[in-house]
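The structure presented is a predicted model; accordingly, all values stated were derived computationally and were not measured.
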Amino acid sequence: MAKEVKYTAEQLITERAAVGDEVKSALDAKLNNYGIYIEKFNIVNFDFSAEFNTAIEAKQVAEQNLLKTKTEQEQAKVIAKTEAEKKVIAANAEAEAILAEAQAQADANKLLEESLSGKVIAYEQIQKWNGVMPKVTGSDGGLLINVDLDDVSSSANSVPETVQPAQTEDSE
């Protein structure tokens with residue numbers, strides 16, 4: 001009577017506990033009818049060649065290394081995604097801050113515009129005037145004092161008088 005093989009030689013080593021539990025169950029089923037009960041069943045050792053054991057170990061190490069590499073790649077993807085999301089959040093926050101600042105400036109400008117009158121502007125001009133007459137005037141009358149440009153240009157074209165040094169008593 002041929003039995004189907006459930007485990008490969010490699011699985012016998014790597015899944016030793018599961019194989020042991022299955023063998024115990026099978027033995028229990030056959031021996032319990034005769035009053036024999038198995039309390040504990042352990043597989044202590046499989047006798048394979050050293051080369052086969054080494055090959056199984058190498059395969060297990062390779063599978064663990066592959067699993068480790070996949071895990072590290074997934075971690076790197078998660079980290080990259082998190083960093084990208086942080087940059088997007090920071091950029092959005094900066095854009096919102098710029099927008100809020102621009103809105104605040106626009107609101108302030110609107111309030112200032114609504115509060116300005118001719119009297120307020122004239123008062124501010126008087127407060128900021130340094131006492132020096134302007135050299136240039138505009139046609140819109142925005143300056144406090146109009147200067148006649150003809151007077152300025154005629155005085156600029158005239159030759160200044162030569163001043164003689166004062167005579168002292170010693171030079172006489």
Side-chain angles (χ1 to χ4, degrees), residues 6-22 25 43 52-172:
K6 289 187 175 183
Y7 297 99
T8 64
E10 179 183 346
Q11 289 172 324
L12 289 175
I13 294 172
T14 60
E15 299 175 23
R16 184 180 304 220
V19 173
D21 290 342
E22 193 171 321
S25 296
I43 299 175
F52 185 75
N53 286 336
T54 304
I56 291 173
E57 184 178 333
K59 182 178 178 187
Q60 288 296 316
V61 168
E63 287 176 355
Q64 289 299 316
N65 286 340
L66 179 62
L67 187 61
K68 178 183 175 191
T69 301
K70 285 181 180 178
T71 302
E72 289 171 349
Q73 288 173 344
E74 288 300 318
Q75 287 174 340
K77 286 179 185 177
V78 168
I79 290 170
K81 183 178 178 184
T82 302
E83 290 298 321
E85 288 173 353
K86 282 165 85 175
K87 287 180 181 179
V88 167
I89 290 169
N92 286 339
E94 184 177 352
E96 286 178 19
I98 290 170
L99 184 61
E101 185 178 343
Q103 185 61 50
Q105 185 63 48
D107 292 345
N109 289 346
K110 186 175 181 182
L111 286 173
L112 184 62
E113 179 185 5
E114 291 171 355
S115 69
L116 288 181
S117 68
K119 290 181 180 179
V120 171
I121 293 171
Y123 175 78
E124 286 296 320
Q125 286 176 330
I126 292 168
Q127 292 300 315
K128 296 203 186 289
W129 187 47
N130 63 1
V132 176
M133 295 296 287
K135 305 253 188 289
V136 179
T137 61
S139 63
D140 63 353
L143 294 176
L144 291 173
I145 301 171
N146 267 338
V147 176
D148 187 2
L149 291 178
D150 291 334
D151 288 345
V152 173
S153 62
S154 65
S155 66
N157 291 334
S158 65
V159 178
E161 294 180 18
T162 307
V163 178
Q164 296 295 326
Q167 299 242 342
T168 61
E169 291 179 18
D170 293 340
S171 59
E172 291 183 6

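Under the salt bridge (Lys or Arg N to Asp or Glu O under 4.0 Å) criterion, Glu22 pairs with Lys6, sequence neighbours left out. Among residues two or more places apart in sequence or in another chain, the side-chain contact (heavy atoms from CB on, under 4.5 Å) test is passed with Glu83 by Ile79, Lys86. Tyr123 is linked by a side-chain contact (heavy atoms from CB on, under 4.5 Å) to Gln127, counting only residues two or more places apart in sequence or in another chain. Residues that satisfy the side-chain contact (heavy atoms from CB on, under 4.5 Å) test with Ser25, not counting sequence neighbours, are absent from this structure.
The main-chain N or O of Thr8 is found under 3.5 Å from a side-chain atom of Gln11 such that the two form a donor-acceptor pair.
Summarising the local packing, CD of Glu113 is surrounded by 12 or fewer heavy atoms from other residues, nucleotides or ligands at distances under 6.0 Å.
Every pair passing ring-ring contact (aromatic ring centres under 6.0 Å, His included) that includes a residue from residues 52-87 is listed here, sequence neighbours excluded: Phe48-Phe52. Listed by first and then second residue, the side chain to side chain donor-acceptor pair (under 3.5 Å) pairs involving residues 70-82 amount to none (not counting sequence neighbours).
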May I have the list of side-chain donor-acceptor pairs in residues 87-110 shorter than 3.5 Å, sequence neighbours left out?
residue	atom	partner	partner atom	Å
Asn92	ND2	Val88	O	3.4
Gln103	NE2	Asp107	OD1	2.9
Gln105	NE2	Asn109	OD1	2.9
Asn109	ND2	Gln105	O	3.4

